[in-house]
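Please see the structure below; I have some questions.
Throughout, a chain's letter reflects where its sequence line sits, starting with A, and its residues are numbered from 1.
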There are 2 protein chains.
Amino acid sequence: MIFQIDFQAGKPVYLQLADQIRYAAASGRLREGDPLPALRPLAEELRVNRNTIAKAYSELEAQGIIETVPGKGFFLKGTATPFSQQERNRLLIAEIDEAVVMAHHLQIDRAAFLKTVEERADHFELKPAQASNDNPRR
Amino acid sequence: MIFQIDFQAGKPVYLQLADQIRYAAASGRLREGDPLPALRPLAEELRVNRNTIAKAYSELEAQGIIETVPGKGFFLKGTATPFSQQERNRLLIAEIDEAVVMAHHLQIDRAAFLKTVEERADHFELKPAQASNDNPRR
DNA sequence: ATTACTGTCCTATGACACTAGGACAGTGGA
DNA sequence: TCCACTGTCCTAGTGTCATAGGACAGTAAT
């Protein structure tokens, strides 16, 4: 799996990397148990400092997306989220509100908005209900 | 209308103000033609520099949400957005993707996600299709 | 014409974020 | 046991960002 850094993007390198990993996990390109590249090799490949990689990984660890195994490295974590149900709802509603407000200001009506949301949910293959107690790759 | 600044929020003051205005406009609490407070009185009220207010207003102006009338001040702009249809779609899809990725990582399934999106669209009374050629307040 | 408002431009300062290098401790494999 | 890997902690430098004050020009109302 290849990560790409755009030094002209005006976005911090560690956030670009963290976002690419988050999106890869959401889209299934990275799955539970997959190893992430170690800090030093990836730092050399992307020509940044290994602490920059570590900072990106630290962000993802805080969000419960990856975990570290001493002596072995970082791995994609299973589905347990560190947040309570209430906190998860709060976080999601804040993000959805941002999208709705943006739709309003971009003159995108309700029907077009909901249609686009469904398309993107399908694009990412967002899990249907009650599939989460499966254990697909163990 | 009252804006509130939280100096402990860790979020720039100008962004807090800009977001509150954006959300007020999306929810109908601020409407096309409504005047915004002038820079100096609002700066005194919020106890910040008037350039901080100006910076918030400048952000909103760039997004086509407010406009300036020389000698009179800033006003909520009508519905014309400065972005092309293609650019609007791109912006919206990026924001929706962020919400979908977040739903994935928060173990919120597709049905619950879509339900929450509809609720929030209704909460903001996102415009139904083809109402946008109306001219409600002139 | 004058005054008081309006927004805008310029310069400056301090804090913070981003990035980096050195060094250390733990783990696994040979 | 040793070596090469792993991640982590500490300190430091730089550039950017957020915020601020001074001053100016334009407009509207009197």
Side-chain angles (χ1 to χ4, degrees), chain A residues 1 3-22 25 30 33-78 82, chain B residues 1 3-22 25 30 33-78 82:
Chain A
M1 150 130 249
F3 302 114
Q4 287 178 319
I5 296 303
D6 178 359
F7 292 102
Q8 315 303 327
K11 180 174 183 177
V13 167
Y14 82 96
L15 280 183
Q16 292 184 48
L17 176 58
D19 284 351
Q20 287 174 41
I21 294 168
R22 263 193 320 121
L30 281 177
D34 282 356
L36 286 169
L39 302 181
R40 287 173 180 79
L42 185 58
E44 273 196 46
E45 180 188 330
L46 299 179
R47 300 184 188 290
V48 298
N49 191 268
R50 66 197 170 345
N51 292 330
T52 305
I53 311 297
K55 189 177 171 73
Y57 284 9
S58 171
E59 292 282 314
L60 297 166
E61 193 171 21
Q63 295 164 41
I65 296 170
I66 68 175
E67 64 193 338
T68 181
V69 177
K72 287 188 183 299
F74 284 93
F75 294 82
L76 264 290
K77 204 171 177 178
Chain B
M1 151 130 249
F3 302 114
Q4 288 179 319
I5 297 302
D6 179 0
F7 292 101
Q8 315 302 329
K11 180 173 184 178
V13 167
Y14 81 95
L15 279 184
Q16 293 183 47
L17 176 58
D19 284 352
Q20 287 173 42
I21 294 168
R22 263 193 320 118
L30 282 176
D34 282 356
L36 287 169
L39 304 182
R40 288 173 180 78
L42 185 57
E44 273 196 47
E45 181 189 329
L46 300 180
R47 301 185 187 286
V48 297
N49 191 268
R50 63 185 167 6
N51 292 330
T52 304
I53 311 298
K55 188 176 171 75
Y57 284 9
S58 170
E59 293 282 314
L60 296 165
E61 194 172 19
Q63 295 165 41
I65 296 170
I66 69 174
E67 65 194 336
T68 181
V69 177
K72 288 185 181 302
F74 284 92
F75 295 82
L76 263 292
K77 204 171 178 180

Just grab all the side-chain hydrogen bond (donor to acceptor under 3.5 Å, both in side chains) pairs involving residues 67-78 of chain B, residues at least two apart or on different chains. none

Considering only heavy atoms from C-beta outward, does the side chain of A:F75 approach that of A:V69 to under 4.5 Å?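 A:F75 reaches A:V69 side chain to side chain.
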
Set out, line by line, the N/O atom pairs under 3.5 Å between protein and nucleotides 6-10 of chain C.
from	atom 1	to	atom 2	distance (Å)
C:dG7	OP2	B:L39	N	3.1
C:dG7	N7	B:R40	NH1	2.8
C:dG7	N7	B:R40	NH2	3.4
C:dG7	O6	B:R40	NH2	2.4
C:dC9	N4	B:N51	OD1	3.1

Beyond-backbone contact of A:L46 with A:V13, side-chain heavy atoms, under 4.5 angstrom: no

Expressed in angstrom and rounded to an integer, what is the separation of A:E59 atom CD from C:dA17 atom P?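 Atom CD in A:E59 sits about 11 Å away from atom P in C:dA17.
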
Between C:dT19 (C1') and A:N49 (CG): distance, integer Å: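 It works out to 7 Å between those atoms.
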
Can you run through DNA chain C from 5' to 3' and write each base as (, ), [, ], | or . depending on how it pairs? Watson-Crick or G-U wobble, both distances under 3.5 Å. ||||||||||||||||||||||||||||||

According to the ring pair (Phe, Tyr, Trp, His ring centres under 6.0 Å) rule, which pairs have a member within residues 40-68 of chain B, sequence neighbours left out?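 Residue pairs with at least one partner in residues 40-68 of chain B: B:Y57-B:F74.
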
Rounded to whole angstroms, how far apart are CG on A:L46 and C1' on C:dT19?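 To the nearest whole Å, that distance equals 14 Å.
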
Mind calculating the distance between NZ (B:K55) and P (D:dA20) to the nearest angstrom? 12 Å

Exercise: identify the closest heavy-atom pair between B:G64 and B:P82: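 B:G64 and B:P82 have their closest heavy atoms at CA-CD, 3.8 Å.
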
Taking salt bridge (charged side-chain N to carboxylate O under 4.0 Å, His left out) as the definition, give me every residue that meets it alongside A:R22, ordered by chain and number, with sequence neighbours left out.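 Here the qualifying residues are A:D19, B:E98.
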
Rounded off to whole Å, could you give me the CD-to-P distance for the A:E44 and C:dA20 pair?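 Checked: the CD to P distance equals 13 Å.
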
Residues from residues 8-17 of chain B lying under 4.0 Å of DNA chain D - heavy atoms: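 Contacts with DNA chain D under 4.0 Å: B:P12, B:V13, B:Y14.
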
I'd like to know whether B:L36 forms a side-chain contact (heavy atoms from CB on, under 4.5 Å) with B:L42, so could you lay out the CA-CA distance, the side-chain angles of the two residues, the decisive distance to 0.1 Å, and finally the verdict. CA-CA 9 Å; B:L36 287 169; B:L42 185 57; over 6 Å; no

Using modelled atom types and a 3.5 Å cut-off, is there a donor and acceptor pairing between side-chain atoms of A:Q16 and backbone atoms of A:D6? yes

Closest non-hydrogen atoms of B:A56 and B:Y14, given as atom of the first, atom of the second and distance, are CB-O, 3.3 Å

Side-chain donor/acceptor of B:Q20 to backbone N/O of B:Q4, under 3.5 Å: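 Judged by distance alone, yes, a pair lies under 3.5 Å.
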
Can you measure A:F7 atom CZ to D:dG15 atom C1' for me and round it to whole angstrom units? 16 Å

So, taking the atom named OG in A:S58 and the one named CD1 in A:I53, what distance separates them when rounded to the nearest 0.5 Å?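 Interatomic distance, A:S58 OG to A:I53 CD1, rounded to 0.5 Å: 13.0 Å.
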
